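Heads up: the structure comes next, in structure tokens.
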Amino acid sequence: MLRIVRWLDMGRAQYPPHIFDAIFFEASGTKSFTSSEVRDAFRERWLGRYLRVYREWVYLAIDDAGSLQGYLLGSLDDPAVTPLFSDIGYFQNMAALTARFPGQLHVNLAPVARGQGVGSRLVTAFAEGAVATGCKGLHVVTGRTMRNVGFYERNGFARRNLFDWQGRELVFLGRILDAGL
């Protein structure tokens, strides 16, 4: 049985930042890189900054042996107005959406943990924490045809915007947390 815990509650010594790398790169849609610098920049953009700046929003799925089987990392800061995310250009084009759905998240699971409800448990834990802060909504941006679209839709996210970005069709999925929206 996997348990869901906040990274901050587990101690950095037991679960240092590099422990996320194997699951991160295995679950990523990008499998090859032109250089180690490009690979490092990719890791920083989609993993590293969250582990450094948003530690309180990192949730772990830990098995009975204490092994990391998956994680969710996120932020409740609106990425369209937060300088840390200025390198992701499409957020400026969706400022109205990110204002309604400021929280963002990324879920990655080891293959053995997929299809068992672990991702949903991670999303629920994050959403509960976000609601407690007064966050109005959450979002995810992913490829329009990626398999994770269905996962997010089953977890309360709805398609809010389809758009092209640098030759890829992407979808912005949003989940309302505040019924007053």
Side-chain angles (χ1 to χ4, degrees), residues 6-8 10-61 67-99 101-111 113-114 118-119 122-123 126 129-130 135 137-149 151-152 157 160-174:
R6 278 192 178 206
W7 187 37
L8 284 180
M10 297 304 292
R12 256 179 101 136
Q14 186 175 2
Y15 297 96
H18 68 80
I19 201 163
F20 295 86
D21 288 0
I23 293 172
F24 172 73
F25 285 109
E26 190 285 324
S28 170
T30 303
K31 299 295 184 194
S32 63
F33 302 91
T34 57
S35 69
S36 60
E37 291 80 16
V38 171
R39 182 182 187 274
D40 292 347
F42 180 81
R43 182 195 183 279
E44 175 59 24
R45 175 181 272 180
W46 304 114
L47 176 65
R49 73 174 99 198
Y50 295 94
L51 297 177
R52 271 193 345 280
V53 179
Y54 298 107
R55 291 183 206 142
E56 72 273 22
W57 298 112
V58 177
Y59 292 82
L60 312 177
S67 296
L68 181 66
Q69 298 298 315
Y71 62 85
L72 176 150
L73 40 89
S75 160
L76 300 185
D77 294 339
D78 181 342
V81 297
T82 303
L84 184 64
F85 300 105
S86 64
D87 63 321
I88 305 173
Y90 55 72
F91 282 130
Q92 278 65 43
N93 299 337
M94 292 186 284
L97 278 172
T98 62
F101 306 97
Q104 57 177 306
L105 61 126
H106 306 273
V107 176
N108 287 315
L109 302 174
R114 295 179 189 155
V118 176
L122 286 163
V123 170
F126 181 72
C135 183
L138 305 175
H139 78 268
V140 172
V141 176
T142 190
R144 185 185 62 79
T145 60
M146 296 295 289
R147 70 175 186 224
N148 64 354
V149 172
F151 163 78
Y152 287 113
F157 291 78
R160 308 289 177 171
N161 188 28
L162 294 170
F163 63 101
D164 289 325
W165 185 257
Q166 298 179 342
R168 292 188 59 210
E169 288 185 299
L170 301 178
V171 60
F172 182 106
L173 298 141

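Here, residue 1 is the first one in the sequence, and each next residue gets the next number. Worth knowing before you read on, the calculation uses all heavy atoms, side chains too, and leaves out hydrogens, waters and symmetry mates. Computed from a predicted structure; not experimentally measured.
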Exercise. Is the shortest heavy-atom distance from the side chain of Phe163 to the side chain of Asn93 under 4.5 Å?
Worked result: no
Exercise. Rounded to the nearest 0.5 Å, how far does CG of Leu76 lie from CD of Gln104?
Worked result: 9.0 Å
Exercise. What heavy-atom pair brings Ala80 and Phe91 nearest, and what distance separates the two atoms?
Worked result: CB-O, 3.5 Å
Problem set entry | Gap separating the CG atom of Leu109 from the CG atom of Leu122, nearest 0.5 angstrom | 6.5 Å
Exercise. If you round to the nearest 0.5 Å, how far is CG of Leu47 from CZ of Arg52?
Worked result: 10.0 Å
Seminar exercise, completed: Shortest non-hydrogen pair, Arg6 vs Glu56, comes out as NH1-O, 3.0 Å
Exercise. Quick check, are the ring centers of Trp57 and Tyr50 under 6.0 angstrom apart?
Worked result: no
Problem set entry | Check: Trp46 and Ile88 side chains under 4.5 Å, non-hydrogen atoms | yes
Exercise. Which of these passes side-chain contact (heavy atoms from CB on, under 4.5 Å) with Tyr59: Leu105, Val107, Leu72, Leu73?
Worked result: Leu72
Seminar exercise, completed: CD (Gln92) and OG1 (Thr98) are apart, to the nearest 0.5 Å, by 8.5 Å
For this session: Please answer whether the main-chain N or O of Leu84 pairs with a side-chain N or O of Arg49 as donor and acceptor at a distance below 3.5 Å.
Result: yes
Exercise. If only atom types and distance count, is the side chain of Thr82 paired as donor or acceptor with the main-chain N or O of Asp78 below 3.5 Å?
Worked result: yes
Seminar exercise, completed: Correct closest heavy-atom pair for Phe33 and Thr30 would be CE2-CG2, 3.6 Å
Problem set entry | Step-by-step ring pair (Phe, Tyr, Trp, His ring centres under 6.0 Å) determination, Phe157 to Phe101 | CA-CA 10 Å; Phe157 291 78; Phe101 306 97; 8.7 Å; no
Exercise. So, for Phe42 and Ser28, which heavy atoms are closest and what is the spacing to 0.1 Å?
Worked result: CZ-OG, 3.2 Å
For this session: Could you grab the distance from atom CZ of Arg43 to atom NE2 of His18, nearest 0.5 Å is fine?
Result: 9.5 Å
Exercise. Taking the inter-plane angle between the rings of Phe172 and His139 on a 0 to 90° scale, is it parallel (under 30°), tilted (30 to 60°) or perpendicular (over 60°)?
Worked result: parallel
Problem set entry | Arg55 (side chain) donor-acceptor with Trp7 (main chain) under 3.5 angstrom | no
Exercise. Less than 4.5 Å apart, any side-chain heavy atom of Val141 and any of Trp165?
Worked result: no
Problem set entry | Atom pair CG (Leu170) and CE (Met94), whose distance is rounded to the nearest 0.5 Å | 7.5 Å
For this session: Flag yes if more than 12 heavy atoms outside Arg168 fall under 6.0 Å of its CZ atom; otherwise flag no.
Result: no
For this session: Show your reasoning for whether side-chain contact (heavy atoms from CB on, under 4.5 Å) applies to Phe20 and Leu60.
Result: CA-CA 10 Å; Phe20 295 86; Leu60 312 177; 3.5 Å; yes
For this session: Give a yes or no on whether the backbone of Pro83 and the side-chain of Ser86 come within a donor-acceptor separation of less than 3.5 Å.
Result: yes
Exercise. What is the minimum heavy-atom distance between Pro102 and Pro79, and which atoms define it?
Worked result: O-CD, 3.6 Å
